[in-house]
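Nothing fancy with the numbering, it's 1 onward along the sequence.
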Amino acid sequence: MTVNGLGSLRRKVQSIESDLEDEVNESVADQAETTAADAKRNVAQENTFFTGNLARSISARRYPLVGGTRHEVAARVPYAAYVEYGTGFHGDPTAPAKFQFSSPDEGDFNSVYSNILAWVMGKPIFYGSRSPSTAAAITHKIIDEGTHPHPFLRPAWFSNKQLLINRAGLAAKSVVRRG
């Protein structure tokens, strides 16, 4: 018994496999960009958009891996997780353990103060002679009570997760139908 066309079938299956990976990756990358844009919008809605550093740091990236691709949406400033989850008594108790941050202590005052002072000086309402006293008051408040969470990435992910899954599925179906 002989089977004709096996080579053609093998090439077709390989073509489908390659197209499938490419199209699913493109649909996931596109939805990741939408998720990043939504996270930026969430930051702006929290009225924290004075300097824009946090919003500008949010991006979607693609990392090739052996056997696949990793897509990531992240905020790339050191304080992003503190904004997302809060700190101390006001922090999010439902956050994963690695994101449950204690408030800084008095020994951290100078480093916290210098960061808060830089932040305050970026706010037109506080800039000037009031900046140091305002920064000191905010620093003491953070040390005493912590900060409330201001989620921006999680809401963006949860509003886009199902869309991402649906788009990847539609891309896969499209490739298989064409194949």
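- Contact check for Ile116 versus Val120: side-chain heavy atoms found under the 4.5 Å cut-off.
- The heavy-atom pair separating Ala156 from Ala39 by the smallest distance is CB-N, 3.6 Å.
- Here the shortest heavy-atom pairing between Glu72 and Arg76 reads OE2-NH2, 2.7 Å.
- By the 4.5 Å heavy-atom criterion applied to side chains, Asp108 and Ile143 are not counted as neighbours.
- With hydrogens and angles disregarded, a donor-acceptor distance shorter than 3.5 Å links the side chain of Ser159 to the backbone of Pro155.
- In this structure, Thr69 contributes its side chain and Leu65 its backbone to no donor-acceptor pair below 3.5 Å.
- Linking ILVMFWY residues whenever their side-chain heavy atoms come closer than 4.5 Å, directly or via other members, places Tyr79 and Val73 in the same cluster.
- Within the model, atoms CG of Asp22 and OG of Ser27 stand 11.0 Å from one another, a figure rounded to the nearest 0.5 Å.
- Surrounding NE2 of His90 are more than 12 heavy atoms belonging to other residues, nucleotides or ligands, all under 6.0 Å away.
- A salt bridge links Arg62 with Glu26: at least one charged nitrogen is closer than 4.0 Å to a carboxylate oxygen.
- Rounding to the nearest 0.5 angstrom, the gap separating the NZ atom in Lys173 from the CG atom in Leu20 is 13.0 Å.
- Contact of the Tyr113 side chain with the Pro132 side chain is registered, since non-hydrogen atoms from C-beta on lie closer than 4.5 Å.
- The closest side-chain donor-acceptor pair between His71 and Asn25 falls under 3.5 angstrom.
- Taking CD from Gln162 and CD from Gln31, the interatomic distance works out to 10.5 Å, rounded to the nearest 0.5 Å.
- Inter-residue side-chain proximity for Pro151 and Asn42 is flagged as unmet; no heavy-atom pair is nearer than 4.5 Å.
- The main-chain N or O of Ala95 is found under 3.5 Å from a side-chain atom of Gln100 such that the two form a donor-acceptor pair.
- Under a hydrophobic clustering in which Ile, Leu, Val, Met, Phe, Trp and Tyr are joined whenever their side-chain heavy atoms come within less than 4.5 Å, directly or via other members, Phe152 and Val77 fall into the same cluster.
- Distance check, rounded to the nearest 0.5 Å: CD1 of Ile138 to OG1 of Thr147 gives 12.0 Å.
- For the pair Arg41 and Asp38, the salt-bridge criterion is met [side-chain N within less than 4.0 Å of a carboxylate O].
- Side-chain contact check for Leu117 versus Ser131: some heavy-atom pair is nearer than 4.5 Å.
- The CD atom of Glu106 sits 6.5 Å away from the CG atom of Asp144 when rounded to the nearest 0.5 Å.
- With hydrogens and angles ignored, the 3.5 Å screen pairs no side-chain donor or acceptor of Asp92 with any backbone N or O of Tyr85.
- Distance CD/Glu84 to CG/Leu54: 9.0 Å, rounded to 0.5 Å.
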